[in-house]
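Right, one structure below, let's go through it.
Not measured: the values here are computed from a predicted model. The chains referred to below are lettered A, B, ... by the order of the sequence lines, with proteins before strands, and numbering in each begins at 1.
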Number of protein chains: 2
Amino acid sequence: MVTLAEVARHAGVSASTVSYVLSGKRTISTRTRERVEKSIRELGYHPNAGARALASSKSNIIALMMPLRTDMYVPVMMEIAIAVATTARERGHDVLLLTGQEGPEAVRRVVGSGLADAMILMDVELQDQRLPLVREAPRPAVLIGLPADTSDLTCVDLDFVATGRQCVDHLAEFGHRDIAVVGEAAAVYERHTGFAERTILGVRERAAELGARVLHRPCEGSYESMAGTLARIFDERPGTTAVIVQNEAAIGPMLSLLRQQGRAVPEDISVVAICPEQVATQQSVALTSVAIPAHEMGRRAVELVMAKIEAAGGNGAAEATGPHTEMLPPQLTVRASTGPAPSPTGAP
Amino acid sequence: MVTLAEVARHAGVSASTVSYVLSGKRTISTRTRERVEKSIRELGYHPNAGARALASSKSNIIALMMPLRTDMYVPVMMEIAIAVATTARERGHDVLLLTGQEGPEAVRRVVGSGLADAMILMDVELQDQRLPLVREAPRPAVLIGLPADTSDLTCVDLDFVATGRQCVDHLAEFGHRDIAVVGEAAAVYERHTGFAERTILGVRERAAELGARVLHRPCEGSYESMAGTLARIFDERPGTTAVIVQNEAAIGPMLSLLRQQGRAVPEDISVVAICPEQVATQQSVALTSVAIPAHEMGRRAVELVMAKIEAAGGNGAAEATGPHTEMLPPQLTVRASTGPAPSPTGAP
DNA sequence: GTGAAAGCGCTAACAA
DNA sequence: TTGTTAGCGCTTTCAC
C-alpha cells in the first residue's frame with residue numbers, strides 16, 4: 001500500500017506538502033504541485049480513508065437511513081437513494097446505507113463512532129422514534145418527510161397538502177363534485193406516515209372550500225383489494241365522477257377494473273394520480289398526475305446536509321443552515337385521464 | 001467525545017484491556033470485564049471508526065455497487081440491497097452504497113482507500129467493465145449475476161438456464177407446444193445482461209428437447225408496448241397457448257390485455273411468470289411463477305464475501321473460499337394461471 | 001512557499 | 001490475566 005510519506009519521498013518534498021496539495025488548503029508553487037501530482041499518479045497513491053477520518057475527524061460519509069418496509073412504493077425510495085448517492089459523490093462524500101432494522105440505535109452508533117459526518121432519514125413518521133436521538137446528536141441531519149413536531153429539525157418533502165389541494169382544484173375546474181380518494185395501504189395510515197395523511201388533509205380542505213364531496217378509502221396494492229375498494233366506492237357514492245389515486249401499485253389494477261366495468265376514462269370517470277412520472281405515462285391511458293420528485297428530494301437533502309456540515313466545520317456564523325422545513329411545490333401535469341364531469345343523466 | 005483511554009482510566013485498567021474486552025481477542029477475568037463494561041455504559045463510549053480502521057486495516061464496511069439504470073425491475077434490486085445491508089449488520093459490517101455513475105473507477109477508489117474491506121457487485125453484465133479491476137483488486141469481491149468469463153471470480157445468481165427449462169417443463173406437461181416468451185426491454189438484451197439471455201437459452205434448450213416451438217419477443221414495461229408485443233405474437237403464431245413472462249412491469253398490462261381480448265387465463269392461454277412472489281400473487285389471477293430469490297441472493301453474497309474476508313485475515317489455508325459460482329436452484333410454484341392446453345378446435 | 005513534528009484513537013505485538 | 005508501547009497514515013499547528 002502506497003502512503004503519503006512514500007509520495008513525499010518520491011517527489012522530494014515533505015509529507016505536509018503532499019497533504020496540502022491534496023487538500024488545497026494552502027498555496028503551493030506550480031512546480032511543486034506538478035511534481036507531487038506526478039508522483040501520486042506514478043505510484044498509484046490513494047489516501048487512506050481511516051487515517052484521514054482519524055486525523056481530521058471527518059469521514060466524508062453521509063448515512064442514509066432507509067425504511068425496512070415493503071408496503072411503500074419501492075421505486076420512489078430507490079430513486080431517492082440513488083439521487084442521494086449520486087449527489088453525495090459529486091460533493092466528495094460517500095453514502096452508508098442503513099436499514100430501519102437496527103432501530104433508533106443505529107443513529108447513536110453511527111454518530112457516536114464518527115462513521116458518518118451527517119445523516120439523512122427517509123420515511124419519517126409523524127412520531128418518529130429516531131427524532132429524540134437526532135435532536136441530541138452532535139451531527140447534522142436532514143429528514144425526508146415531515147414529522148408532527150419539526151422544531152430543531154431540517155426537513156425536505158413534497159408539499160402533500162398542496163398536492164391534495166391541487167388535485168381537487170383541477171377536478172373541480174372540470175365540474176367534478178363527487179371525488180373519491182384511493183389511498184395507501186391501511187398500515188401506512190395506522191403508522192401515521194405524514195405524507196398520506198397530509199394529502200387527505202389538502203384534499204378535504206380544498207373540497208370543502210369548493211363545495212365538493214370526498215370519499216377516502218385506503219387500498220392495498222393488489223388487484224383483489226383494488227376491486228373491493230372500487231366496489232365500495234361506487235356502492236356508497238354512485239355519483240362519483242373522479243378518483244384521486246395515491247397508491248402506485250393500485251393504479252394498473254384500477255384502470256383495468258374500470259375498463260372491465262365499462263367506465264371509460266376520462267368520459268365517465270376522471271383519474272388523477274400522485275406518482276412518479278414514469279408510472280403516469282406507462283399506463284393504458286396517460287394519466288394526469290402530480291409527480292413525486294424523488295430525485296429532487298434526494299438531491300436537496302444532500303445539499304442541505306452538506307451546507308450544515310460545512311457550516312459546522314467552518315466559520316462561527318451559522319449562515320441560514322439552521323433548522324427549517326423545505327416544501328417542494330407540487331406540479332400537476334394534465335394528460336389524458338381527466339376531462340369534464342359527465343352530466344348526471346344516468347340511472348334514476 | 002469519549003475515548004478508549006478515558007474508559008480505561010475510569011475503570012482503572014489499561015487501554016489494551018479495554019480494547020480486548022471489546023474485541024474478545026483475549027481472555028479477561030469476569031471482574032475486570034464487568035468493570036470495563038460498566039465504565040463503557042456510564043461514559044457512553046463508542047469506539048471511533050476511523051481510528052479502528054487505521055490501526056487494524058479493517059473498516060468493517062462492505063461496498064455495494066448498484067446499477068444506475070432504471071430499466072431493470074427496481075424492487076428486486078432494492079430487496080437485494082436490503083438483504084445485503086441486513087445480513088451485513090448481523091455480521092458486524094456496514095454497507096457503503098455505490099452507484100454505477102462513477103464507473104469502474106469506483107472500484108479502485110474504494111479499494112485503494114481502504115474504505116471498504118470487500119465489495120459486492122450487482123447487475124453484472126456479460127462483459128463487465130469492472131471485472132478487470134475486480135480481478136486485480138487486493139480485496140475480496142462477490143458478483144450478483146454471471147459474467148461471460150467467471151474465472152477467478154465468485155458469483156451468486158439464480159440459475160436462469162434451469163429457470164427457463166423449468167418453465168417449459170411445466171407447460172409441456174400441460175400439453176403446450178407453442179410457447180411465447182415475453183422478455184425484458186430490448187436494451188437489456190443489447191447490453192448483454194446475462195440473466196435475460198440465459199433464461200432464453202434454457203427455454204430454447206428444453207423446448208427443443210420436448211419438441212415445442214418458442215417465439216421470443218422483448219418488451220418494454222409500458223401498456224402500449226405490451227399491446228404491440230402481444231399483437232405480434234398472436235399474429236405470427238396464432239396457435240400460441242402459453243406465455244412465459246420475464247418482465248415484471250409487463251405482467252399487469254398483459255393480463256389486462258388478455259382479458260380484454262377475451263382470452264381466458266388459464267383456459268385459453270397459460271401464463272408463467274419469472275418474478276418476485278409478491279408480484280405473482282397480487283395479480284388478478286394468481287400466477288404460476290418461478291420466484292426471484294432476491295433476499296437469498298443478497299444474503300448469500302454477504303456470507304460469501306465475509307468468508308473471504310475472514311479467510312484473508314486469518315489462517316494461511318484458504319478454506320474453500322476460493323473463486324466459484326453459486327447457482328440458486330429455481331423453484332416453480334403452481335398457482336392459478338396455468339392449465340391444460342386447449343385442444344386446437346378454434347378458427348378454420 | 002515549505003518543513004518538522006505532535007497528535008488523532010485504536011490495535012496488537014511484546015513483556016510481565 | 002493484565003500492562004506497556006510502538007505504530008497505523010494523515011492533518012495541522014508552529015516555525016522558518
Side-chain angles (χ1 to χ4, degrees), chain A residues 1-37 39-40 43-61 92 109 111-117 138 313-314, chain B residues 1-37 39-40 43-61 92 109 111-117 138 313-314:
Chain A
M1 200 200 142
V2 188
T3 70
L4 179 144
E6 297 177 73
V7 174
R9 202 174 322 123
H10 183 107
V13 299
S14 73
S16 59
T17 298
V18 177
S19 177
Y20 284 118
V21 166
L22 255 28
S23 68
K25 286 189 182 171
R26 80 181 182 190
T27 42
I28 305 280
S29 72
T30 314
R31 247 190 99 260
T32 309
R33 159 175 296 106
E34 278 168 359
R35 210 136 40 82
V36 170
E37 282 167 350
S39 298
I40 288 178
L43 300 179
Y45 168 72
H46 283 275
N48 180 286
R52 246 185 185 178
L54 177 56
S56 66
S57 319
K58 266 187 247 145
S59 64
N60 283 7
I61 289 179
R109 184 176 64 84
V111 158
S113 66
L115 223 191
D117 296 335
Chain B
M1 200 199 146
V2 187
T3 70
L4 181 145
E6 298 178 71
V7 174
R9 201 174 323 122
H10 182 107
V13 299
S14 73
S16 60
T17 298
V18 177
S19 177
Y20 284 118
V21 165
L22 254 28
S23 70
K25 285 189 182 171
R26 79 182 183 191
T27 44
I28 306 279
S29 72
T30 314
R31 246 188 100 261
T32 309
R33 161 175 294 106
E34 281 169 356
R35 210 135 41 82
V36 171
E37 283 168 347
S39 298
I40 289 178
L43 299 179
Y45 168 72
H46 283 274
N48 180 286
R52 249 189 183 172
L54 177 56
S56 66
S57 322
K58 266 185 248 147
S59 65
N60 283 6
I61 289 178
R109 184 176 64 84
V111 157
S113 67
L115 224 192
D117 297 334

If you compare all heavy atoms of B/D117 against all heavy atoms of B/S57, which two are closest, and at what distance to 0.1 Å? OD1-O, 4.5 Å
Which part of the nucleic acid, if any, lies within reach of A/T32 when heavy atoms closer than 4.0 Å are counted: base, sugar-phosphate only, or nothing? sugar-phosphate
Heavy-atom nearest pair, B/A53 first then A/G50, reads CB-CA, 4.1 Å
Over all strands shown, is A/L22 touching base, sugar-phosphate only, or nothing at heavy-atom distances under 4.0 angstrom? nothing
Touch check for A/L54, heavy atoms < 4.0 angstrom, all strands: base, sugar-phosphate only, or nothing? base
When you check the phosphate oxygens OP1 and OP2 of C/dT11, does a side-chain N or O of B/R52 lie under 4.0 Å from one of them? yes
Shortest non-hydrogen pair, A/I28 vs A/R33, comes out as O-NH1, 3.5 Å
Minimum-distance nucleotide (side-chain atoms of B/S56 versus D/dT1, C/dC10, C/dA12): C/dA12
So, does A/K25 get its side chain near the phosphate of D/dT11, meaning an N or O under 4.0 Å from OP1 or OP2? no
Rounded to the nearest angstrom, tell me the gap between atom CD in A/E34 and atom P in C/dG1. 14 Å
Specify the separation, in whole Å, of atom NZ of B/K58 and atom P of D/dG9. 15 Å
Do B/S19 and B/S16 have side-chain N/O donor and acceptor atoms under 3.5 Å apart? no
Starting at NE2 of B/H10 and ending at C1' of C/dG9, how long is that distance when rounded to a whole Å? 19 Å
What does B/S29 touch in the nucleic acid at a heavy-atom separation under 4.0 angstrom: a base, only the sugar-phosphate, or nothing? sugar-phosphate
Closest heavy-atom pair and its distance - A/Y45, A/V2: CD1-O, 3.5 Å
Check the distance between D/dG9's P and A/R9's CZ and give it to me in whole angstrom. 12 Å
Tell me whether the side-chain N/O atoms of B/S19 come closer than 4.0 Å to OP1 or OP2 in C/dT11. yes
Most 5' of B/R33 and A/L4 on DNA chain D, judged by nearest nucleotide: B/R33
Roughly how many Å is it from CE in B/M1 to C1' in C/dG7, rounded to a whole number? 14 Å
What nucleotide, of D/dC10, C/dG3, D/dG3, holds the atom closest to the side chain of A/S14? C/dG3
Anything under 3.5 Å between a protein N or O and an N or O of nucleotides 13-16 of chain C, put it in a table, one pair a line.
none

Which atom pair, heavy atoms only, marks the closest approach of A/A11 to A/R35? O-NH1, 2.5 Å
From CG of B/N60 across to P of C/dC10 the rounded distance in Å is 14 Å
Counting any heavy atom closer than 4.0 Å, what does A/V13 reach on the DNA or RNA strands: base, sugar-phosphate only, or nothing? sugar-phosphate
Examine distances only and state if a side-chain atom of A/S113 and a backbone atom of B/P47 form a donor-acceptor pair shorter than 3.5 Å. no
